[in-house]
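Each remark here refers to the structure printed beneath this line.
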Amino acid sequence: MDFLNAIVLFCNFVLVPATTYGAQLALGALGITVIYRILRFANFAHSELMSWGAMLTLFMTWYLQSVGIHAGPLPTALLALPVGILGAIAMALTTERTVYRFYRKQRASSITFAIVSVGVMFVMAGLTRFMIGPGEQVMADGQRFLIKAVEFKRMTGLDEGLAIKTTQVITIAAAIAMAGFLFWFLYRTRSGKAMRAFSDNEDLALLSGINPDRIVAIAWILAAILATLSGTLYGLDKSYKPFVFMQLLLPIFASAIVGGIGQPVGAILGGFVIAYSEVLLTYAYRKFVTYLAPGDWKPEGLLQLLSTDYKFAISFIILVIVLLIRPTGIIRGKLL
Amino acid sequence: MSFLDATGMSGGYGTGPDIIHDCDLTVEAGEIAVVVGPNGAGKSTAMKGIFGMIHLREGKILFNDRDITALPPSDRVLEGMAFVPQNNNVFPSMSVEENLEMGAFIRTDNISSTITQVFELFPILKDKRKQMAGELSGGQRQQVAIGRALMTEPRLLMLDEPTAGVAPIVMQDLFKRIQDITASGVAVLMVEQNARQALAIADRGFVLVQGKNRFTDQGKGLLANPEVQRSFLGG
Amino acid sequence: MKQKDLLYFAIFLIFLIGVGWLQSWNVAFGILNMCLISAIMALGVNIQWGYAGLFNAGIMGFTALGGLSAVLVSAKPVSEAWAAGGLGIIGSLVILGMTVSAILYVRMKIAPPLRTWSIIVVILPGYWLFQGFYSSAVEQIETINPALTGYLGGLGLPIITAWLIGGLVAAGGAWLIGRISLGLRADYLAIATLGISEIIIAIIKYEEWLTRGVKNVTGLPRPVPYEVNLIETQWLVNLAESLSANPVAMASLLVKFCYLMLFLGMLAILMWLSERALKSPWGRMMRAIRDNREAASAMGKDVTGRHLQTFVLGCAVCGIAGAMLVTLDGQLVPGSYTPLRYTFLIWVMVILGGSGNNWGSVLGGCIIWFVWIQAEPLGYALVEAVTFPFEEGYWLKGHLIENAAQTRLILMGGILLVVMRFAPKGLIPER
């Protein structure tokens, strides 16, 4: 019985939240990866694109709620998502057309691109905060829990409850669906293969008659879809706060690099590595160990490796360790 | 009027100095033409000039009785030219089959028969069609590169040093395949370092020195030419 | 400097005088002081980016290290806290140091198959011992008068000395970080430094025994007189009378003027050093490495070593600026350090001023800080004007005016993008 309690406790506080967070990071890192593969630069504005897409989704959600449209037990934001995605695509293509294309034609260095993306980041952050304000907004509605802790306890008779939020299930399902779509697109469609060809060998792709402007546009569209989805899922799971996205940039970059920069599979893997490390290292194991330990023995202290305050720092510590041990990432990617 | 008639080409990279000067190259339908010469003679540059990859200051290129001097490379592909660069000529993280598909990117019709033809020409590629091109040996990678170029069903195939860096036995094999390609009616223009072996299979040979035509003759003729032998074929 | 460059500075001064006239001289001096600190930060970044082409996205962290030093140097020591947990903290730090050196020793001496396991064998007891000393010590320190102290305090030295020490601490941090990340390509370095700066901020924010964390250390001693004391002096009263000014405003202005003199002095010293460095053989070599890394390394230049030097120097300058900032504020507010304000805004300064030109960085620092401050009222005015057609009380109007301050982010991004596109060399180009 104690053993089962320990497992449930672990699932409730580590496995489920970490998997959800990992899915959000993976989607964000995929967006960074797509842009890195095609335009070959680290896009500092990606997290603000997430924020932008999530904000538009939120606006549409409010509109739908005001006219009384709901998605039943699911959050209304899911219905609003297409609007957010379209808005993010419009934003991404606008930056491509007005900002990045110029440097692309000049074949500017990746560092120039990165600095320019900082400018884009400023503009997007300003626009978002101007439109929605810096405050915190609740995105989720509908049925909050799929399984409530109390119900779980009653059903199983265990001391520990397992609560699964609707948003957590949606996040994981959406991430799987999106990753599946992305791989289907990249490996099964003509445009997707052309994208891979372009990223593999740009000159040869041009010789083969692949139109670079089209490829770049598709890359931005994919990045915008991924950004809106990850931003919205994060907002649903926690809440929407414009300032948070700047902080998310680091774990997302870390996920993309740790997994192997430029590798889609690596981005997903990296997202989960970062998420699990963050949660595992900041979880207090005291209760967990108490259940497993024989008799009434109780450990002293919280048995927490790192204070939760350092959650965001962990992603970076992992990044440093990977840089030192295996600079190309877990799955060998092109060195950034 | 020849099939490909490039006359008076002068030009270089960007705004740099001219690398080729008043250079002429011609290829007849269905024959193998080989360009040889010492390092830095402008052999590859001349070929890139024909394909429109560098800016030609002067000169005129007639292909199949059409003036293509002003066309961008992708339009020259539509006219029936194909080019295999010397380096980085495959998509390394894509499978052999995908490489061929990408070769046919500008085609809108069914490409399966062309893929079959390429696999007939290079049977080893059929066995390895699911393998990533970057994992293949040098000779096999060259086969992928040539196969990719053939996917547009060109009538002139241009090869930039196809045997660079491959073992001698592989080189012999590649040359045999190139002869097979011409047998199906495709003209081949190639730049080669291995002058002796290349000229042996060439219908026509050009010796370029410092960006200028020095000798032009049948392949056998150049091989037999004592001056060519002394200067370029190592005696 | 050319005449055109002087003209830029003159225009800046005219604007500043305009603020003095139209708003108040106190505001103008306040802005100018921050402009000078910003100029020094920009100078530090320029040493890295302009001289060597290093993209440091962790400026925030190094200014915060400087700020932390200011606290640790100038705050009064809390003797009770030292008595309660000082030994524990020192003990835990010693253990930490020993563990790290043991890890490094193992890494050197033991061959790969066993290496990872040996390192783990070292880490586990090291961590356990460290945690034992550390957590109890921290608990004891933080319970001592938490409303006022709850931390170890500082050395109680004059805060001016912290400017030098802040530079040294930042330099030390930069050396460590540079060793790890400088071999990487430029945009990798940017991400790495961005991460480091977040870690530094996290430590400053959450290690309350060291910095009081988000409770902030306030009331740091000043290097200049206090307004309350000034007002009581006779000569100030006389001065105010002779100028027919309000003595309170006069005192506040005088304090700002004292700071201004200190900051100008520091800027002059750093400027002189930077210019000398840039024009020396060392500076020429740095630029040669920046422009063609392969060629320079083929000529036998130790590229990574040189990069480490510039990285450390630039971070030291940023650390000095950070210490100056805390000196001016009289307090350390860890929560206020955000990358947008302390890293990317500095980048806008350097790019606008002119990468590679020290005068340009100073100009960029001044202009951007001025605009950053003045854009806020401007944003309000603009939004008010745009929303004029809406009637009073309409929700959208109120909402937009409420968030008008955020428009300055758009302005900053716009400046960066326009400069990168149309004048990539900046206002005062490198020469």
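Letters go in sequence order (proteins before strands), and every chain restarts at 1.
One finds the CZ atom of Arg421(C) at 5.0 Å from the CZ atom of Phe102(A) (value rounded to the nearest 0.5 Å). Here the CZ atom belonging to Arg129(A) is positioned 10.5 Å from the CZ atom belonging to Arg408(C), to the nearest 0.5 angstrom. In this structure, OH in Tyr188(C) is found 14.0 Å from CD1 in Ile111(A), a value given to the nearest 0.5 Å. One distance of note links OG1 of Thr308(A) with OH of Tyr206(C); it measures 8.5 Å at 0.5 Å rounding. Rounding to the nearest 0.5 angstrom, the gap separating the CG atom in Leu194(C) from the CE atom in Met246(A) is 6.0 Å.
Contact of Val348(C) with chain A is made through the side chain alone, with heavy-atom distances under 4.5 Å. If you measure heavy-atom distances from Val383(C) to chain A, the contacts under 4.5 Å come from the side chain alone. Contact annotation for Trp49(C): only side-chain heavy atoms (C-beta onward) come within less than 4.5 Å of a heavy atom of chain A. For Glu207(C), the parts lying near chain A are the backbone and the side chain together; criterion is any non-hydrogen pair under 4.5 Å. Neither the backbone nor the side chain of Glu402(C) comes within contact range of chain A; no heavy atoms are under 4.5 Å apart. When heavy atoms are compared at a cutoff of 4.5 Å, Leu416(C) approaches chain A solely by way of its side chain, counted from C-beta outward. Contacts between Tyr103(A) and chain C at a heavy-atom distance below 4.5 Å involve the side chain alone, from C-beta outward. Only the backbone of Thr98(A) comes within contact range of chain C, with heavy atoms under 4.5 Å apart. Interface remark: Ile415(C) contributes no atoms to any contact with chain A (heavy atom separation under 4.5 Å). Neither the backbone nor the side chain of Met124(A) comes within less than 4.5 Å of any heavy atom of chain C.
Other residues, nucleotides and ligands contribute over 12 non-hydrogen atoms within 6.0 Å of the NZ atom of Lys397(C). Surrounding CZ of Phe133(C) are at most 12 heavy atoms belonging to other residues, nucleotides or ligands under 6.0 Å away. Sparse packing is recorded around CZ of Arg179(C), with 12 or fewer heavy atoms of other residues, nucleotides or ligands lying under 6.0 Å away. Under a cut-off of 6.0 angstrom, the local environment of OH in Tyr63(A) is sparse, with at most 12 non-hydrogen atoms contributed by other residues, nucleotides or ligands. Heavy-atom contacts from other residues, nucleotides or ligands closer than 6.0 Å to NZ of Lys238(A) number more than 12. Heavy atoms of other residues, nucleotides or ligands lying less than 6.0 angstrom from CD of Glu139(C) number 12 at most.
Partners of Tyr234(A) under the ring pair (Phe, Tyr, Trp, His ring centres under 6.0 Å) rule, at least two apart in sequence or in another chain, do not exist in this structure.
For the options Gln131(C), Lys205(C), His399(C), heavy-atom pairs under 4.5 Å to chain A are most numerous at His399(C). Per-residue counts of heavy-atom pairs under 4.5 Å with chain C were compared for Ile314(A), Val118(A), Val99(A), Leu249(A); the largest is that of Val118(A). Per-residue counts of heavy-atom pairs under 4.5 Å with chain C were compared for Leu127(A), Thr128(A), Ile317(A); the largest is that of Leu127(A). Here Pro134(A) is the residue among Pro134(A), Ala108(A), Ser307(A), Pro251(A) with the most heavy-atom pairs under 4.5 Å with chain C.
What you find for Leu250(A) and Ile191(C) is that their closest heavy atoms are CD1-O, 4.1 Å. Heavy-atom minimum distance, Tyr310(A) versus Ile203(C): OH-CA, 3.4 Å. Counting all heavy atoms, side chain and backbone alike, Ile132(A) lies closest to Asn403(C) at C-ND2, 3.9 Å. Between Phe55(C) and Ala114(A), the shortest heavy-atom contact is CE1-CB, 3.8 Å. The shortest non-hydrogen separation linking Phe122(A) to Leu345(C) is CZ-N, 3.8 Å. Contact between Gly195(C) and Phe316(A) at its shortest, heavy atoms only, is CA-CD1, 3.4 Å.
Residues Phe130(A) and Leu409(C) form no side-chain contact, since every pair of their non-hydrogen atoms from C-beta on lies 4.5 Å or further apart.
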